[in-house]
There are 2 protein chains.
Amino acid sequence: MTTGRQRYDQDSLLVVATQVFTERGYDGTSMEDLARVAGITKSSIYHHVESKEAILRIGLDRALDALFAVFDEPDASGGRAVERLRYVVRRTVEVLVAELPYVTLLLRVRGNTATEQAALERRRSFDRAVRALFAEAVADGDLRPGLDPALTERLVFGMINSVVEWYRPRSETTVDDLVAAVLAVVDGLRT
Amino acid sequence: MTTGRQRYDQDSLLVVATQVFTERGYDGTSMEDLARVAGITKSSIYHHVESKEAILRIGLDRALDALFAVFDEPDASGGRAVERLRYVVRRTVEVLVAELPYVTLLLRVRGNTATEQAALERRRSFDRAVRALFAEAVADGDLRPGLDPALTERLVFGMINSVVEWYRPRSETTVDDLVAAVLAVVDGLRT
DNA sequence: GTCTATAAATTGATAGAC
DNA sequence: GTCTATCAATTTATAGAC
C-alpha cells in the first residue's frame with residue numbers, strides 16, 4: 001500500500017482486473033465492479049484498455065505464452081520421453097504458480113467469445129504436445145503397459161490444473177512441495 | 001425429439017437450464033438465452049421457477065446430494081481405510097458421470113451469491129471427509145510414508161473433478177475405463 | 001403452460017471537461 | 001490520468017390475457 005492515490009497504467013490495471021475476474025469470474029464481473037475495486041471510475045478504465053474483452057485477451061495471452069515457453073526450454077533429460085515429460089510436468093506446475101492469476105483465468109474460460117475460443121484452441125494445442133510425450137513414454141516402455149496415453153494425460157494435467165482452485169503462494173505448501181507431490185503421482189505410473 | 005411443441009415442468013426445464021449454464025457459465029447465461037434454447041419465452045420460465053438463482057440452487061443441490069450419498073453407502077472394504085478410500089473414489093467418479101451436468105455446474109461455482117457460497121461450504125465438507133480417509137490410510141501404512149494426506153487428497157480429487165472438463169458419455173472411453181485409470185493413479189500411491 | 005407488453009435496474013461504452 | 005454525465009442495449013423480473 002503506497003501513500004497517496006493509486007494511479008494506473010495498463011499493466012497495473014491488468015493486475016487488479018485479473019484478480020477480480022479470477023475471484024468472481026469474467027462474466028460475473030462488471031466494469032463497475034472493476035472500477036470499485038480499482039478505486040477509479042469506469043471511464044478511467046477505458047483510458048487504459050479498449051474494452052472488457054481486451055483485458056481478458058491480454059491476461060489469457062500472458063498465461064498461454066508462459067505455458068508454451070516451457071516447451072522451448074532446453075532440459076537435461078537426455079532425450080528419454082519419460083524424463084522430458086517429468087521436466088514439462090515440473091515446469092508447468094512452476095509456471096502455473098508463478099502466473100497463478102493468469103493461468104486461473106485461462107482455465108475458467110468457457111468459449112463464449114472469439115477471444116475465449118482462440119485461447120481454448122491454444123490450450124488444446126498445448127495438451128496435444130503433452131499427450132505426444134505420454135504416448136512416447138508408453139511406447140518406450142517407461143510407463144505402465146496398458147495405460148491409455150490420452151486418458152492419462154487428461155487426468156494428470158487435470159490434476160495439475162486443479163491446483164489453481166486452492167493453491168495460494170505464501171501458504172505452508174511451497175512450490176517444491178507441490179512439484180514433489182505431483183511428481184510422486186507421475187512416478188507411480190512408471191514401470 | 002418428440003413431435004409437437006415441447007411443454008415444460010420444473011424438472012424438464014432444469015435439464016435444459018443446467019445444460020446451458022454448463023456450456024456458457026451461469027453468469028454468462030441470460031434468461032433470454034435460456035428461453036431461446038428452451039424454445040419458450042422468459043415469462044414461461046418464471047412460471048416454473050422463482051428466479052434464475054433458484055434454478056442454480058436446485059441443480060447444485062442435486063449434485064451435492066448425489067455426492068454425499070456415496071458416504072452413506074455400505075461397502076465391502078472390511079474396515080481398512082485404503083479400501084474404503086478406493087470405494088469412495090470409484091463411486092465419486094461414477095456419480096460424477098451419472099450426474100455430469102449437475103456436478104459440472106457445482107464445480108464451476110465461484111461464490112458470487114449466497115446460494116453459491118452455501119454450495120461451496122457443502123463441497124468443502126465433502127472434501128474434509130475424504131481427507132480424513134487419506135490421513136487414515138497413510139497412518140495405516142497403506143499409502144507411501146511421507147505423503148501429505150491433505151495435499152494428496154487435493155490432487156487426487158482435483159484430478160477426478162477435472163473429468164467434467166472433457167468426459168462425455170457415449171464417447172469411446174467408458175465409465176469403467178475412467179474408473180480404472182483413476183484407480184491406477186491411486187494405486188500408484190500405495191506401499 | 002405460454003404468450004405480449006413493460007418495468008426498473010444494470011451493463012459496456014463514449015463525450016468532453018479538468 | 002481521472003472525472004461527471006449520459007447513452008443505448010441488455011438484464012432480471014412482473015402483470016395480465018389466452
Side-chain angles (χ1 to χ4, degrees), chain A residues 1-60 105 108-117, chain B residues 1-21 23-60 105 109-117:
Chain A
M1 189 82 93
T2 58
T3 344
R5 196 75 133 293
Q6 171 83 28
R7 308 197 99 211
Y8 289 96
D9 56 16
Q10 200 185 69
D11 269 4
S12 54
L13 185 64
L14 177 67
V15 171
V16 175
T18 303
Q19 172 84 17
V20 183
F21 285 167
T22 294
E23 282 169 8
R24 313 184 191 184
Y26 174 71
D27 288 316
T29 305
S30 71
M31 292 299 269
E32 187 57 50
D33 290 334
L34 222 53
R36 200 180 311 113
V37 175
I40 56 179
T41 60
K42 277 194 292 180
S43 300
S44 299
I45 292 179
Y46 284 99
H47 180 76
H48 301 291
V49 292
E50 192 185 34
S51 65
K52 186 186 173 187
E53 198 174 340
I55 308 177
L56 180 65
R57 178 167 33 76
I58 297 168
L60 293 177
L105 192 63
R108 293 199 181 146
V109 147
R110 305 299 328 147
N112 289 347
T113 62
T115 296
E116 300 181 47
Q117 283 161 25
Chain B
M1 188 82 95
T2 57
T3 343
R5 197 73 133 295
Q6 171 82 40
R7 306 198 101 211
Y8 288 98
D9 57 15
Q10 198 184 70
D11 269 4
S12 55
L13 184 64
L14 177 67
V15 171
V16 175
T18 303
Q19 173 84 17
V20 182
F21 285 168
E23 283 168 8
R24 313 183 193 183
Y26 173 72
D27 288 316
T29 304
S30 71
M31 293 299 268
E32 186 58 49
D33 290 334
L34 222 52
R36 200 179 311 113
V37 175
I40 56 178
T41 61
K42 279 192 291 180
S43 300
S44 299
I45 293 180
Y46 283 101
H47 180 75
H48 301 292
V49 293
E50 192 185 33
S51 65
K52 185 184 173 187
E53 198 174 339
I55 308 178
L56 180 65
R57 178 166 33 75
I58 298 169
L60 294 177
L105 192 64
V109 147
R110 305 300 326 146
N112 289 347
T113 62
T115 295
E116 300 182 45
Q117 283 160 25

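Lettering of chains follows the sequences in order, A, B, ..., and the numbering in each one begins at 1.
- Nucleotide D:dC3 holds its C1' atom 15 Å from the OH atom of A:Tyr8, rounded to whole Å.
- For the pair A:Gln19 and A:Thr22, the minimum side-chain heavy-atom distance is 4.5 Å or more.
- Regarding A:Asp27, its CG atom lies at a distance of 12 Å from the P atom of C:dT11, rounded to whole Å.
- A:Tyr8 contributes a side-chain N or O that, together with a main-chain N or O of A:Ala38, makes up a donor-acceptor pair within less than 3.5 Å.
- The heavy-atom pair separating B:Ile55 from B:Leu14 by the smallest distance is O-CD1, 3.8 Å.
- The shortest distance between side-chain heavy atoms of B:Glu23 and A:Arg110 does not fall below 4.5 Å.
- Listed by first and then second residue, the side-chain hydrogen bond (donor to acceptor under 3.5 Å, both in side chains) pairs involving residues 43-52 of chain B are B:Thr41-B:Ser44 (not counting sequence neighbours).
- Computed from coordinates, the B:Asn112 CG to C:dT10 P distance equals 16 Å when rounded to whole Å.
- Annotation: proximity of residues 31-51 of chain A to DNA chain C (heavy atom, distance under 4.0 Å) is found for A:Met31, A:Lys42, A:Ser43, A:Tyr46, A:Ser51, numbered in ascending order.
- Separating the CD atom of A:Glu53 from the P atom of C:dT11 is a distance of 18 Å, rounded to the nearest angstrom.
- When side chains are defined from C-beta on, B:Val37 counts as touching B:Arg24, because their heavy atoms get closer than 4.5 Å.
- Heavy atoms of B:Thr29 sit under 4.0 angstrom from primed sugar atoms or phosphate atoms, though from no base atom.
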